[in-house]
Structure formats: C-alpha cells, structure tokens
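Reviewing the structure listed below.
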Amino acid sequence: MPRLQTIAEVLQSFCQKTSSPIQVLEASYETFHNSSYLNAFTFVSPLNHLKYQASQINESTQQPLHGIPVAIKDNFCVQGLPTTCGSKMLQNFIPPYTARVVEKLIGAGAIVFGKTNMDEFGMGCGTLESIFGPTKNVWGLEEYRIGGGELSSFSDWRIPGGSSGGSAVAVASGICFAALGSDTGGSTRNPASYCGLIGLKPTYGLLSRHGLIPLVNSMDVPGILTRTVDDCATILNVVKGFDENDSTSFEGNLPPVQISPHFSLKGVRIGIPDEFSCPGMDPEVIQCWKDTSDILEKSGACVSPMSLPHTKYSIACYGVLNPCEVASNMARYDGLRYGHRTPHPKLNSTQGLYAQTRHEGFNHVVRGRILAGNYFLLKENYDKYFMQALKIRRLISMDFEKVWHSGFDLLFTPVTLSAAPTYSDFIQLDNRTQTSVQDYCTQSANMAGIPALSLPIKLNSKGLPLSLQLIGPMFSEPKLLNVAKCIERIVDFPQLKSIPR
C-alpha cells in the first residue's frame, strides 16, 4: 500500500479499493511502533481494539471521516480511555463520558487512535512539562541521532511546541491524519508552526468545550491540526456546531465551510500589524513574512500596514487572567472526589490532606500559577490586577473590532519568533518566561475570541518549517481557510514524506 498523506488521499484510496480501513490502521500502528522515541502519545489503543472500531463503521453510509485514524489531546475526555492532562493528579482518571467534539469525530467514522502528550494541564509551550516526559519534534531529529535501530538515542532535539505538541507530532510523523488540540494562548498554532502543519484556532463558541478539561474557560477552544487546508476544513465541518451542554456554544446555524478552487485573492484586504514585528524575532521569519506578503499583493490582495496598539500589553494581561482562572479551575482537585490522593498526609487533618495531595499531584508550574492567581484575587489586589487586566482585554478586543470596521478582511502575522529551538536552548529560560515569549504573536486572538490559523510557508536555512498566521473576524473561518488554501497552493510547502526509523 502506498504511503498516504492526507484524509482526502485515504478516502480516495478506499473508493478505488487500493486500501482498506484495516490496512490504513495497520500502517499507522507500524509507524507509531517505529517512532515511539518521539513520545507523542500517552495512551494508544491496542491494535485489535482499533480494528474492532474499524469493523463497526457502517460501510453503506457516506461518512466524511470513514476509517480515518485521529489523535486526541489528553485533556479531552474519552469514555473508557485514560485522560491525564499530563499530570500525576489525573494519572489514573478514566472519564465516564466523551467530549462532544470527539463524539462528533467518532460519529463521522473516525477512529480514535490514542491520546497525545501535552504540557501538564496545558501550562507550557514546549510539551516538556508532562509526567510522561518530553515529546520530540520529528523535524531536524536526524542531526542529533546517536546509534541506530531500537537502541537509538538523541543528544538533543527540536521541541515540538506546546501545549498540544503530542497532537502535532502525531500528525507530522504520519501516525494519524488529523488531531485535536486545545488553544488558550496559542497551544495549537505554536506546535503547528514548529511541526509544519495547519493549526486552526476557531472562533470562541464555534466548537463545543464540553468534555475539554478547562484551563482558562474564557479563552480555551478546541483546536485542529492537519497536513492540509482541505483536511482542516473537513474536520471543522464535522466538529463545529451548537451544543446544549456548553453554555458558551454559539446557537446560530452556520453553513459548512467550502474550499473553492476558484477563490481569488483579488480585492481581499489584508493588514500587516506593526506591533507583531517584535524584538527577538528571527530575521528569517521577518523575511518570510515580507516575501509572502509580497506574494499576496502580486496575487491581487490589498496588503497594507496597520496598528493594533494594545497588542503589546496582551502578554502582561494574560499573565494575570490566566493564573486567576487557573486558581479557580484547579480548586476542584482536592483528593476527595477523583484524581490523585496522597496515601500519607503529613498532617492528620483535612487541610493537611488537601495540601499534601496538591503538592504531590501538581508540578511546580501548576503550583506557581495557582499561587499567583490567588494572590491577584486577594481582596486588596482584585481591583489593582484582575479588574485592570479585564479592562486591557476589552481594549485589545476593541482594537480588532476597529480593524474589521475599517474594511480589513484578515490580518497576516508571524506565529512564533523563530523556527523550532533545540531542547537544550529552550530550557535556558523558565516556563513563565518562555510562555511570554512564545505566545506573543498568538495570544491576542484568544483575548478577542477570534479565529486564527497557522500555515507552513517554507523551510529555513536549517531545513526547519517557518509558518505564518492568518487572523480574521469572528466566524470568518470560510474566508480564512480559502485564503489559506490560496497561499498553500502558491508556496507548495514540502511536507515530510518519511520519518527517521
């Protein structure tokens, strides 16, 4: 069976009888086995269970994801499968229900291959802060290989980004054809950028958050990772829509996203925000941004500079709002109802049980954010920090609204400040500092609840992906994806055809 790269290719092979769902699953499982050193998954179903899932698919119906293996980030609940959030606190937690977006994937014929690695509770941007260990980016990995075969090890590696790094690597390595991530400040787009994938953060409320274990309720959205824009549109059409179990779900009836082969960039107004050219940005990223902007202009788009004056405050604002919501959300993990419970509390009291359980169950990053959040929410600090941050968030959102009202259709920006850094370079800075750097170009879209998409453009001088970002008004996914498709056709990004073995 030839190596298949996309959902469209797999479905076509089924129609032509050149492959079957069982054969695709076996190929995916072999790829997973040969690339286990990437550490992309926290749990993978046994092959016989996956084959059973495939055998339950109704062959007589035209399902959009018929027999497609997909990966699910380990903060989405899936009934009967471990859901750990990469944390000791939930290491043995098996949910009794399935997240709504996962239900929709399964209902469309997809096969849940497994759960993917992530930074603990989504607090990180490298997929390094997990009880299962770090995930390795498949790009550039051969440079650091020591030995060969099953005894292979690596002196260093490129990070995959985070916190949805496991999902990104699962798709980039060819194990799965699509994956769900989550995006709170860039956690889908960041790894998509580093791994050369399409990474979509949809409009807040377009996809149900029911069954997504929360980090920051007011910003969390399920994200989509695929190899192509067409595949991204296919997944989006399956998982979007109203859910009565999610109070933030959009109740309107939006038509399916159609990728038109006749879509033209002529007349599309694209803004280049001045504030996104920030200190520390790699010259190769800046040059890629300029060159691709020129391509858009030559293709008929109206490209012009503009300003989002409050973007520079976004990270500081996020640094307050994120810990405040984290402190609230993490309060449920007390060792009484579910999750980790210390077997040896140091104090013979309920308070001692709480304290010891949470100290053991959370890593230093999570504990630090809980501490910061509770500090910001103290009575004497509430107005000084939390209320001020909410006001800044409103100003950031209003900046975007003014841009759309002035006639711009989309914005075009970098995603990350550089290509994927090495693990040894990345750990020179602490988690909080890295997050403030890595989220600079992505975070403001979460503040405003608007859609944004990471799109691979070219390889840099070291052969690593460089990606750029499209940002649009709320519910502008059809235009966002069609413009992305036009860029995809023009740049013809060289996807990985094989992975190191």
Side-chain angles (χ1 to χ4, degrees), residues 6-8 11-12 61-66 68 70 99-110 177-181 183 188-189 198-210 212 221-270 300-301 400-401 403-405 407-411 445-446 448-455 469-489:
T6 68
I7 293 173
L11 296 178
Q12 185 179 27
T61 59
Q62 293 290 329
Q63 294 177 301
L65 297 176
H66 177 92
I68 302 294
V70 298
R100 184 66 183 129
V101 287
V102 179
E103 283 183 342
K104 288 186 173 185
L105 289 174
I106 295 170
F177 296 89
L180 288 183
D183 198 307
T188 293
R189 290 161 287 156
I198 304 296
L200 175 65
K201 171 226 169 296
T203 300
Y204 186 83
L206 184 63
L207 274 61
S208 171
R209 293 188 300 112
H210 176 64
L212 169 60
V221 291
I224 298 169
L225 292 140
T226 60
R227 283 179 167 243
T228 67
V229 173
D230 292 286
D231 285 356
C232 184
T234 298
I235 298 293
L236 178 63
N237 286 332
V238 168
V239 297
K240 71 183 182 71
F242 174 68
D243 178 15
E244 62 182 9
N245 292 316
D246 177 7
S247 63
T248 62
S249 182
F250 177 66
E251 295 190 37
N253 188 19
L254 298 172
V257 175
Q258 301 286 344
I259 303 296
S260 171
H262 308 296
F263 185 88
S264 172
L265 291 173
K266 188 174 181 180
V268 177
R269 286 200 65 194
I270 298 176
F400 282 108
E401 291 171 10
V403 167
W404 312 134
H405 290 153
F408 283 99
D409 296 302
L410 301 173
L411 304 182
N446 296 82
I450 54 180
L453 178 142
S454 174
L455 176 73
Q469 178 178 227
L470 288 166
I471 304 173
M474 294 187 78
F475 305 111
S476 65
E477 280 82 358
K479 179 168 284 186
L480 194 75
L481 286 162
N482 272 286
V483 171
K485 183 62 182 179
C486 289
I487 299 173
E488 183 182 64
R489 290 193 196 103

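The structure displayed is predicted, hence computed values, not measured ones. Along the sequence shown, residues carry numbers from 1.
A salt bridge is defined here as a Lys NZ or Arg NE, NH1 or NH2 lying under 4.0 Å from an Asp or Glu carboxylate O, and Asp246 with Arg100 fails to meet this definition.
In this structure, the side chains of Ile68 and Leu11 come closer than 4.5 Å at one or more pairs of heavy atoms. Looking at heavy atoms from C-beta onward, Val101 lies out of side-chain contact with Leu105 at the 4.5 angstrom threshold. Using a 4.5 Å cut-off on side-chain heavy atoms (C-beta onward), Leu207 and Leu236 make contact. The side-chain heavy atoms of Gln469 and Leu453, taken from C-beta on, include no pair separated by under 4.5 Å. At a threshold of 4.5 Å between non-hydrogen side-chain atoms, the residues Thr188 and Ile224 do not count as touching. In this structure, Pro222 and Val239 have side chains that are not in contact, with every pair of non-hydrogen atoms separated by 4.5 Å or more. Between Leu206 and Val221 the shortest side-chain heavy-atom distance does not fall below 4.5 Å. At a threshold of 4.5 Å between non-hydrogen side-chain atoms, the residues Leu410 and Ile471 do not count as touching.
Taking the side-chain contact (heavy atoms from CB on, under 4.5 Å) definition, one finds that Ile106 meets it with Val102, Val112, sequence neighbours left out. Scanning for salt bridge (charged side-chain N to carboxylate O under 4.0 Å, His left out) contacts around Lys104 gives an empty result, with sequence neighbours left out.
Here the closest non-hydrogen pair linking Ile259 and Ala233 is CG1-CB, 3.8 Å. Across every non-hydrogen atom of Leu480 and Pro451, the tightest pair is CD2-CB, 4.0 Å. When every heavy atom of Val257 is checked against every heavy atom of Pro478, the shortest pair comes out as CG1-CA, 4.0 Å. Pairing each heavy atom of Asn482 with each of Gln258, the nearest pair is ND2-O, 3.0 Å. Ala445 and Arg189 make their closest contact through CB-NH1, 3.9 Å (heavy atoms, listed as atom of the first residue, atom of the second, distance). Between Gly199 and Leu225 the shortest heavy-atom distance is CA-CD2, 4.3 Å.
From Leu411, atom CG reaches atom CZ of Arg269 across 10.5 Å, with rounding to the nearest 0.5 Å. Of the inter-residue distances, the one linking Lys485 atom NZ with Leu265 atom CG reads 13.0 Å to the nearest 0.5 angstrom. With rounding to the nearest 0.5 Å, the separation of CG in Leu481 from SG in Cys486 is 11.0 Å. The distance from the CG atom of Asn237 to the SG atom of Cys232 is 9.5 Å, given to the nearest 0.5 Å. In this structure, His210 NE2 and Glu103 CD are separated by 6.5 Å, a value rounded to the nearest 0.5 Å. Summarising the geometry, atom CZ belonging to Phe408 is positioned 9.5 Å from atom CH2 belonging to Trp404; distances are rounded to the nearest 0.5 Å.
The main-chain N or O of Leu254 is found under 3.5 Å from a side-chain atom of Lys240 such that the two form a donor-acceptor pair.
Between Tyr204 and Phe250, the ring center distance fails the sub-6.0 Å criterion.
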Exercise for the section: Verify side chain to side chain donor-acceptor pair (under 3.5 Å) between Glu477 and Thr203, making sure each step is shown before the conclusion. Expected result: CA-CA 8 Å; Glu477 280 82 358; Thr203 300; 2.8 Å; yes
Problem - Evaluation steps, side chain to side chain donor-acceptor pair (under 3.5 Å), between Arg209 and Asn245 - result: CA-CA 9 Å; Arg209 293 188 300 112; Asn245 292 316; over 6 Å; no
Practice task
Using the side-chain contact (heavy atoms from CB on, under 4.5 Å) rule, take Ser454 and Ile198 through it: C-alpha gap first, then chi angles, then the decisive distance, then the call.
Solution key: CA-CA 6 Å; Ser454 174; Ile198 304 296; over 6 Å; no
Exercise for the section: Might you work through the side chain to side chain donor-acceptor pair (under 3.5 Å) test for Ser208 and Asp243, ending with a clear yes or no? Expected result: CA-CA 6 Å; Ser208 171; Asp243 178 15; 2.6 Å; yes
Exercise for the section: Would you check, one step at a time, whether the test side chain to side chain donor-acceptor pair (under 3.5 Å) holds for Thr228 with Asp230? Expected result: CA-CA 5 Å; Thr228 67; Asp230 292 286; 4.9 Å; no
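Screening Thr6, Asp231, Thr226, Ile7 against Phe177 for a side-chain contact (heavy atoms from CB on, under 4.5 Å) leaves a single residue, Ile7.
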